[in-house]
Amino acid sequence: MNYWLFKSEPDEFSIDDLRANKTTHWDGVRNYQARNMMRDDMKNGDLAFFYHSNTDIPGIVGVMKIVKEAYPDHTAFDPRDKHHDPKSDPESPRWFMVDLRYVRKFRRVIPLALLREFTDGDLADMPLLRRGNRLSVMPVTQKQWSFIQALCD
DNA sequence: GCCAACGTTGGC
DNA sequence: GCCAACGTTGGC
């Protein structure tokens with residue numbers, strides 16, 4: 001089993017939105033590195049952190065589970081969609097998405113600022129903490145996963 | 001194939 | 001609102 005982290009701006013889609021809807025299709029990823037991970041490496045049952053970006057306290061807010069493996073992101077075909085990409089068509093889709101199910105919301109956010117305190121220790125090499133990181137989907141190691149889970153107890 | 005210009009991300 | 005980092009685009 002693998003572990004992941006998904007970023008979302010809570011103004012667009014938050015952990016509370018996911019909790020209300022139970023599952024979601026994670027559309028709109030338009031980055032090749034992120035796409036490749038979704039398409040090639042994400043498996044049913046994998047767990048993922050939900051990360052709130054671009055908000056007052058950026059950080060990890062909960063856990064979700066992959067319940068459907070990669071399939072074409074249809075929003076890329078829709079000219080009216082914010083994430084429309086004319087270079088993607090149903091014959092040879094360029095962008096993919098997975099389905100995620102709500103698992104739990106932490107009692108409080110685990111702030112990015114707290115995670116940064118472990119940049120040189122338990123969370124060394126975590127892509128999220130790399131300077132200038134802009135990936136919206138990224139892998140988490142089992143050790144990092146366990147360590148971060150323990151932070152919210 | 002290089003690289004400058006541009007747009008986007010996202011923390012602060 | 002600022003700005004650094006980074007990916008993409010397009011002229012050459």
Side-chain angles (χ1 to χ4, degrees), chain A residues 2-21 24-42 46-66 70-100 102-141 143-145 147-152:
Chain A
N2 290 313
Y3 300 95
W4 308 96
L5 181 146
F6 287 74
K7 287 183 191 170
S8 178
E9 303 192 12
D11 286 348
E12 300 287 327
F13 186 76
S14 73
I15 185 91
D16 292 321
D17 295 325
L18 178 65
R19 182 160 62 173
N21 294 319
T24 191
H25 49 94
W26 202 272
D27 62 283
V29 173
R30 298 290 181 268
N31 170 283
Y32 290 105
Q33 217 182 324
R35 179 205 64 183
N36 293 347
M37 286 187 280
M38 285 201 296
R39 188 190 57 191
D40 304 333
D41 300 327
M42 290 190 188
D46 284 0
L47 295 174
F49 285 130
F50 196 130
Y51 178 91
H52 280 177
S53 66
N54 238 322
T55 186
D56 48 348
I57 305 176
I60 296 171
V61 292
V63 175
M64 26 189 200
K65 180 196 284 195
I66 291 168
Y71 60 105
D73 181 344
H74 58 80
T75 66
F77 311 143
D78 181 358
R80 289 159 309 176
D81 194 275
K82 182 182 175 187
H83 301 290
H84 176 235
D85 181 355
K87 294 181 204 136
S88 184
D89 66 85
E91 305 306 309
S92 62
R94 174 176 297 204
W95 305 113
F96 290 80
M97 58 190 180
V98 297
D99 284 0
L100 292 155
Y102 174 85
V103 173
R104 76 181 178 113
K105 179 184 178 181
F106 296 149
R107 275 177 300 143
R108 45 181 188 276
V109 58
I110 303 175
L112 177 62
L114 175 63
L115 299 174
R116 283 204 190 286
E117 292 179 21
F118 306 98
T119 302
D120 299 322
D122 292 280
L123 299 182
D125 305 321
M126 199 177 177
L128 181 70
L129 305 180
R130 265 208 298 271
R131 190 175 153 73
N133 168 65
R134 286 173 43 199
L135 268 182
S136 63
V137 173
M138 66 190 86
V140 175
T141 67
K143 278 186 175 177
Q144 291 161 354
W145 182 270
F147 182 80
I148 292 169
Q149 290 264 19
L151 288 178
C152 68

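The sequence lines fix the lettering, A, B, ..., with proteins before strands; numbering per chain opens at 1.
Checking A:D99 against A:Y71 by side-chain atom types alone, a donor-acceptor pair falls below 3.5 Å.
Between A:K82 and B:dT8 there is no side-chain polar atom (N or O) within less than 4.0 angstrom of OP1 or OP2.
Every residue meeting the side-chain contact (heavy atoms from CB on, under 4.5 Å) condition with A:E117, not counting sequence neighbours, appears here in chain and number order: A:L114.
Comment: A:K82 engages A:E12 in a salt bridge, judged by a side-chain N to carboxylate O separation of less than 4.0 angstrom. Using a 4.0 Å cut-off between a side-chain N of Lys or Arg and a carboxylate O of Asp or Glu, A:D73 and A:R30 qualify as a salt bridge.
Remark: A:D125 CG is loosely packed, at most 12 non-hydrogen atoms of other residues, nucleotides or ligands lying under 6.0 Å away. Enclosure of atom CD in A:Q33 is not indicated, since only 12 or fewer non-hydrogen atoms of other residues, nucleotides or ligands lie within 6.0 angstrom.
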Contacts under 3.5 Å, N or O only, protein and nucleotides 10-12 of chain B:
from: B:dG10; atom 1: OP1; to: A:K7; atom 2: NZ; distance (Å): 2.9
from: B:dG10; atom 1: OP1; to: A:R134; atom 2: O; distance (Å): 3.3
from: B:dG11; atom 1: OP1; to: A:Y51; atom 2: OH; distance (Å): 2.6
from: B:dG11; atom 1: OP2; to: A:N54; atom 2: N; distance (Å): 2.9

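Separating the CZ atom of A:R30 from the P atom of C:dT9 is a distance of 13 Å, rounded to the nearest angstrom. Spacing between atom CG of A:L129 and atom P of C:dA5 amounts to 16 Å, rounded to whole angstrom units. Spacing between atom CH2 of A:W95 and atom P of C:dG7 amounts to 13 Å, rounded to whole angstrom units.
With the nearest nucleotide of DNA chain C identified for both A:G132 and A:R94, A:G132 has the one nearer the 5' end.
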